[in-house]
Amino acid sequence: MPAQKIETGHNDIVHDVSMDYYGKRIATGSSDSTVKITGVPTTNSSTSQHLATLTGHQGPVWQVSWAHPKFGSALASCSYDGKVIVWKEGNPNEWSQSQVFEHRSSVNSVEWAPHELGFCLACGSSDGNITVYTNRPDGSWETSRIDQAHPVGVTSVSWAPSMAPGALVGPGALEPVQKLASGGCDNTVKVWKLYNGNWKMDCFPALQMHSDWVRDVAWAPNLGLPKTTVASASQDGTVVIWTVAKEGDQWEGRVLKDFKMPVWRVSWSLTGNLLAVASGDNNVTLWKEAVDGVWQEVTTIDQ
């Protein structure tokens, strides 16, 4: 289908765009310190509709994340100002700040957990910590923290699917999995698992194939497949595909491509078989794994 241009209305760099569960609205975060909600055009001839501007940050907004609709219409944003704001929509297109979490330094990444884990938000900050906020039935928020996950700064966090690899073919219903991948300014990717209420590193040693900051990590949907896959993108120009066959095995990394320029973002399709890569030349490329395990470029989306 032909590409659609969507006017966001921001007056500075757009750092992140996130589509809601139904694909009807996008949220964008920008250096103009605002979050904007825009309706996605239903046809190629129709124009995008500006729905709301959310103000409350005092610095560039790095990332935005929609919550699952079972928790209502909710959005999280994080900023250079050290704040994470949870926004709730009351009446249509009327948004208010439901919760503000303050951090000591820039919060670079936010992502809501799979809905099976509850109303739960992970945040990665330049202070080196990952913080997980879980909303309790009484409305309060419980906080757990991975201290000094990446001591020189956390750039990205990504939740694992709540379904264990192979669970679709395994016996009975399993407890949902609580795992996170993170990337940082120490050039590493790390995997974390919640054990008895405490987050512990779940990969030894840390995953190291990058020679510069890891800019983004993305955990692939597994759809019950037996293997686990995480993609990482780096300032060094490479994207690495990390896989592990089963719990406790060593992760293996394979370079997807050296783009020869910083790679900012990686994002999986809902089925986990397509990977979108946003690189420093303003192009987005789509990649697919062939039967022999080799990744091939499917298409380029010119910006």
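Since the structure is predicted, the reported quantities are computational estimates derived from the model, not experimental observations.
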Which one of Gln97, Glu102, His103, Gln58 satisfies the side chain to side chain donor-acceptor pair (under 3.5 Å) criterion with Lys83? Gln58
Any donor-acceptor N/O pair, Ser106 side chain to Gly82 backbone, under 3.5 Å: no
Do Val255 and Trp287 belong together in a cluster built from hydrophobic side chains that touch within less than 4.5 Å? no
Here the pair of heavy atoms bringing Val240 nearest to Gly253 is CG1-CA, 4.0 Å
Taking the side chain as everything from C-beta on, heavy atoms only, tell me whether Pro262 gets closer than 4.5 Å to Arg215. no
Less than 4.5 Å apart, side chain to side chain, heavy atoms only: is that true for Val217 and Trp242? no
Closest non-hydrogen atom pair between Met201 and Ala206, with its separation: CE-N, 3.6 Å
Just verifying a value: how many Å separate Lys179 NZ and Trp199 CH2, rounded to the nearest 0.5 Å? 10.5 Å
Spacing of Glu111 atom CD and Trp219 atom CH2 [to the nearest 0.5 Å]: 11.0 Å
Minimum side-chain heavy-atom gap Leu180-Val132 below 4.5 Å: yes
Do Thr143 and Phe101 come close enough that some side-chain heavy atom pair is under 4.5 Å? no
May I ask you to test the Pro41-Ile6 pair for a side-chain heavy-atom distance under 4.5 Å? yes
Any chance you could measure Thr28, atom OG1, to Ile37, atom CD1, to the nearest 0.5 Å? 7.5 Å
Over all heavy atoms of both residues, which pair between Val157 and Ser109 is shortest? Give the atoms and the distance, please. N-OG, 3.0 Å
Which pair of heavy atoms, one from Met209 and one from Asp236, lies closest together, and at what distance? O-OD2, 4.4 Å
Would you call the rings of Tyr80 and Trp62 parallel, tilted or perpendicular, where under 30° means parallel and over 60° means perpendicular? perpendicular
Honestly curious: do Met19 and Leu274 fall in one hydrophobic cluster under the side-chain, below-4.5 Å linking rule? no
Check Gly9 against Lys36 and note the closest heavy-atom contact, atom names and distance. O-CE, 3.4 Å
Where do Trp295 and Leu275 land on the side chain to side chain contact (heavy atoms under 4.5 Å, CB included) test, with the steps shown first? CA-CA 10 Å; Trp295 287 82; Leu275 181 69; 4.3 Å; yes
Applying a strict under-4.5 Å side-chain criterion to I, L, V, M, F, W and Y, I'd like to know whether Val214 and Val244 cluster together. yes
Run the side-chain hydrogen bond (donor to acceptor under 3.5 Å, both in side chains) check on Ser156 and Asp216 step by step: do they pass? CA-CA 5 Å; Ser156 180; Asp216 198 21; 2.9 Å; yes
Under a 3.5 Å distance rule, please check whether Trp268 uses its side chain to pair with a backbone N or O of Ala218 as donor and acceptor. yes
Sidechain-backbone polar pair: Ser79 side chain, Gly59 backbone, donor-acceptor under 3.5 Å: yes
Does Trp112 have its ring centroid less than 6.0 Å away from the ring centroid of Phe71? no
Report yes or no: do Asn129 and Thr131 form a side-chain donor-acceptor pair below 3.5 Å? no
Donor-acceptor pair, side chain of Asn222 and main chain of Thr228, under 3.5 angstrom: no
Please report the interatomic distance OG(Ser96) to CG(Asn91), rounded to the nearest 0.5 Å. 10.0 Å
Count the heavy atoms of every other residue, nucleotide or ligand shown that sit under 6.0 Å from CD of Glu252, and state whether that count exceeds 12. no
Modelled atom types, side-chain donor and acceptor of Thr155 and Trp213, under 3.5 Å: no
Looking at Asp12 and Ser30, what are the two nearest heavy atoms and their distance? O-OG, 3.4 Å
Under a 4.0 Å threshold between the charged nitrogen and the carboxylate oxygen, would Asp281 count as salt-bridged to Lys260? no
So, taking the atom named SG in Cys78 and the one named NE2 in His15, what distance separates them when rounded to the nearest 0.5 Å? 10.5 Å
Is Lys246 atom NZ crowded by more than 12 heavy atoms from other residues, nucleotides or ligands, each under 6.0 Å away? no
Val40 side chain near Ile26 side chain, heavy-atom distance below 4.5 Å: yes
So does Asn196 have more than 12 non-hydrogen atoms from other groups sitting under 6.0 Å from CG? no
Ignoring hydrogens and angles, tell me if any N or O in the side chain of Gln148 forms a donor-acceptor pair with the backbone of Asp127 under 3.5 Å. yes
Are Cys120 and Thr134 packed together at the side-chain level, in the sense that at least one heavy-atom pair is separated by less than 4.5 angstrom? yes
Taking it one step at a time, do Cys123 and Val110 satisfy side chain to side chain contact (heavy atoms under 4.5 Å, CB included)? CA-CA 5 Å; Cys123 314; Val110 285; 3.9 Å; yes
Would you call Arg254 and Glu289 a salt bridge, using N to O less than 4.0 angstrom? no
Taken to the nearest 0.5 Å, the spacing of Leu51 CG from Thr38 OG1 works out to 6.5 Å
Spell out, yes or no, whether Trp192 and Val177 are grouped together once hydrophobic residues are joined by side-chain heavy atoms under 4.5 Å, including indirect joins. no
Verify the cluster assignment for Leu54 and Val64: are they in a single hydrophobic cluster under the rule of side-chain heavy atoms below 4.5 Å apart? yes
Can you check whether His150's main-chain N or O pairs, donor with acceptor, with Asp186's side chain at less than 3.5 Å? no
For Ser279 and Lys257, what are the C-alpha separation, side-chain angles and deciding distance, and is it a side chain to side chain contact (heavy atoms under 4.5 Å, CB included)? CA-CA 11 Å; Ser279 49; Lys257 182 184 173 180; over 6 Å; no
If you apply the rule side chain to side chain contact (heavy atoms under 4.5 Å, CB included), what do you find for Tyr133 with Gln99, and how did you get there? CA-CA 11 Å; Tyr133 299 104; Gln99 186 71 32; over 6 Å; no
Does Trp159 reach the side chain of Leu117, with side-chain heavy atoms less than 4.5 Å apart? yes
Run Asn108 and Ser126 through side-chain hydrogen bond (donor to acceptor under 3.5 Å, both in side chains) and show every step you take. CA-CA 7 Å; Asn108 305 317; Ser126 288; 3.0 Å; yes
